[in-house]
Colleague: 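Below are the structure tokens for one structure; questions will follow.
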Amino acid sequence: NSSSCDIYNNDISVSGLGYPLYGIHVDQGGAPSGNTINIHDNLIHDCSYPGTSSFTFYAISQVSHVTYANIYNNQIYNTLIENPGNFYGIYGCDDQVTYLNIYGNQIHDNQITGASGNMYCIFSKSSIISMHDNEIYNNSIPAASATTGSPAQIYGYYNNESPTEEHYYN
């Protein structure tokens, strides 16, 4: 079924060897008609993955079919991925979201210690996107070694497709 929801005021710290690992994951199905997902005022911090194999971590993953997805005033910090892998701070990635609003979030002091992998602080796909007043700083992949092929990269914002409309400002 389809419905709206609010996820707020959570203090989350996760660690594990599962694949993938999520802080918050919203994946309710259904038709997007008029529904709203609000993910706000959450602390996602001190998360870790101590394994040795490639790994993916999602601090906030919103993949529900909704008209409005609002992701705001969250703090994502001090995550340590102790191997090659990928980090997604905010993953607002569903083709069925009409309006994606990402604002007032802080993503900082996260690290991948492996020599490869990507850090996507904010990742989205096609929608009408409004993004503003996010603070992204002091994120790192200090052991990155590849310079050709698939080098490790850090993206403040990465859009994987062609959005209908985008608005960015600070």
Side-chain angles (χ1 to χ4, degrees), residues 1-14 16 18-47 49 55-79 81 85-110 112 117-139 153-170:
N1 288 342
S2 180
S3 61
S4 297
C5 78
D6 290 284
I7 300 169
Y8 60 95
N9 292 335
N10 295 289
D11 189 338
I12 298 169
S13 179
V14 294
Y19 183 84
L21 187 63
Y22 295 94
I24 294 172
H25 180 66
V26 183
D27 186 13
Q28 52 195 71
S33 180
N35 294 323
T36 301
I37 300 293
N38 294 305
I39 303 170
H40 62 92
D41 297 297
N42 297 290
L43 300 175
I44 301 166
H45 60 94
D46 299 303
C47 300
Y49 179 78
F55 170 76
T56 301
F57 172 73
Y58 299 88
I60 296 174
S61 171
Q62 196 308 113
V63 294
S64 294
H65 302 319
V66 294
T67 300
Y68 300 95
N70 302 306
I71 304 171
Y72 61 95
N73 297 341
N74 298 287
Q75 294 184 42
I76 300 165
Y77 58 95
N78 289 343
T79 293
I81 298 175
N86 293 312
F87 167 92
Y88 293 88
I90 295 174
Y91 186 77
C93 196
D94 190 283
D95 294 333
Q96 300 299 315
V97 173
T98 307
Y99 299 96
L100 177 60
N101 302 302
I102 301 173
Y103 59 92
N105 299 288
Q106 294 182 11
I107 303 169
H108 60 89
D109 296 303
N110 300 291
I112 298 172
N118 292 306
M119 184 173 285
Y120 302 94
C121 295
I122 299 175
F123 185 99
S124 68
K125 285 177 83 172
S126 59
S127 290
I128 296 173
I129 299 170
S130 176
M131 185 167 47
H132 58 89
D133 300 307
N134 296 292
E135 295 180 28
I136 300 170
Y137 58 93
N138 205 32
N139 299 292
Q153 297 185 37
I154 299 174
Y155 300 95
Y157 172 64
Y158 188 93
N159 192 308
N160 194 45
E161 291 183 1
S162 298
T164 307
E165 189 176 314
E166 292 179 293
H167 301 277
Y168 307 103
Y169 57 93
N170 277 330

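All values reported here derive from a predicted model rather than from experimental measurement. Along the sequence shown, residues carry numbers from 1. All values below were derived from every heavy atom in this structure, side-chain atoms included, with hydrogens, water molecules and symmetry-related copies excluded.
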Colleague: Going by heavy atoms in the side chains, are L100 and M131 under 4.5 Å from each other?
Modeller: no
Colleague: Locate the shortest heavy-atom distance separating S13 from D46; write the atom from each residue and the value.
Modeller: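 Result for this residue pair: OG-O, 3.0 Å.
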Colleague: Could you tell me the separation between the CZ atom of F55 and the CD1 atom of I81, rounded to the nearest 0.5 Å?
Modeller: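 Spacing of CZ (F55) from CD1 (I81) equals 5.5 Å.
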Colleague: Report the C-alpha separation of Y8 and N73 in whole Å, then their side-chain angles, then the decisive distance to 0.1 Å, and conclude whether the side chain to side chain contact (heavy atoms under 4.5 Å, CB included) test is met.
Modeller: CA-CA 10 Å; Y8 60 95; N73 297 341; over 6 Å; no
Colleague: Quick one: CD1 on I37 to CD1 on I71, what's the gap to the nearest 0.5 Å?
Modeller: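 Rounded to the nearest 0.5 Å, the CD1-CD1 separation comes to 9.5 Å.
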Colleague: Would you say the side-chain atoms of N38 and D6 include a donor-acceptor pair closer than 3.5 Å?
Modeller: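 Side-chain D/A pair, N38 to D6: present.
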Colleague: Please round to the nearest 0.5 Å and tell me the distance separating atom CD of Q106 and atom SG of C121.
Modeller: 12.5 Å
Colleague: As a quick check of understanding, evaluate side chain to side chain donor-acceptor pair (under 3.5 Å) for N35 and H65, giving each step before the final call.
Modeller: CA-CA 8 Å; N35 294 323; H65 302 319; over 6 Å; no
Colleague: Which atoms form the tightest heavy-atom contact between G16 and Y49, and what is the distance?
Modeller: O-CD1, 2.7 Å
Colleague: Evaluate Y99 against T67 for side chain to side chain contact (heavy atoms under 4.5 Å, CB included), listing each step before the verdict.
Modeller: CA-CA 6 Å; Y99 299 96; T67 300; 4.1 Å; yes
Colleague: Measure from the side-chain N and O atoms of D41 to the backbone N and O of N9, and report whether any donor-acceptor pair falls under 3.5 Å.
Modeller: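 Flag not set: sc D41 to bb N9 has no pair under 3.5 Å.
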Colleague: Can you name the nearest heavy-atom pair linking Y58 to S61, along with the distance?
Modeller: CB-CB, 4.0 Å
Colleague: Are any of the side-chain heavy atoms of Y22 and D27 separated by less than 4.5 Å?
Modeller: no
Colleague: Verify side chain to side chain donor-acceptor pair (under 3.5 Å) between Y155 and Q153, making sure each step is shown before the conclusion.
Modeller: CA-CA 7 Å; Y155 300 95; Q153 297 185 37; 2.8 Å; yes
Colleague: State, with a plain yes or no, whether a side-chain heavy atom of N70 is found less than 4.5 Å away from one of H40.
Modeller: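 No. Closest side-chain heavy atoms not under 4.5 Å.
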Colleague: So, does D109 use its side chain to make a donor-acceptor pair with the main chain of N78 at under 3.5 Å?
Modeller: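 No; zero donor-acceptor contacts below 3.5 Å.
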Colleague: To the nearest 0.5 Å, what is the distance between OG1 on T79 and CD1 on I44?
Modeller: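 Those atoms lie 8.5 Å apart.
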Colleague: If you take all heavy atoms of N139 and N110, which pair is closest and at what distance?
Modeller: OD1-ND2, 3.0 Å
Colleague: May I have the step-by-step check of side chain to side chain donor-acceptor pair (under 3.5 Å) for N74 and N105, ending in yes or no?
Modeller: CA-CA 5 Å; N74 298 287; N105 299 288; 3.1 Å; yes
Colleague: Would you say the side chain of Y157 lies within less than 4.5 Å of the side chain of I129, judging by non-hydrogen atoms?
Modeller: yes
Colleague: Classify the ring geometry between Y120 and F123 as parallel (under 30°), tilted (30 to 60°) or perpendicular (over 60°).
Modeller: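 Judged by the thresholds at 30° and 60°, the geometry between Y120 and F123 is perpendicular.
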Colleague: Taking the side chain as every heavy atom from C-beta outward, state whether I102 and N134 have any pair of such atoms under 4.5 Å apart.
Modeller: yes
Colleague: Heavy atoms only: give me the nearest N160-K125 pair and the separation to one decimal.
Modeller: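 Shortest heavy-atom contact: CB-CG, 4.1 Å.
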Colleague: Which heavy atom in G156 sits nearest to a heavy atom in I136, and how many Å separate them?
Modeller: O-CD1, 3.3 Å
Colleague: In this structure, are over 12 heavy atoms from other groups packed under 6.0 Å from Y77 atom OH?
Modeller: yes
Colleague: When rounded to the nearest 0.5 angstrom, what is the spacing between CG in N42 and CD1 in I12?
Modeller: 5.5 Å
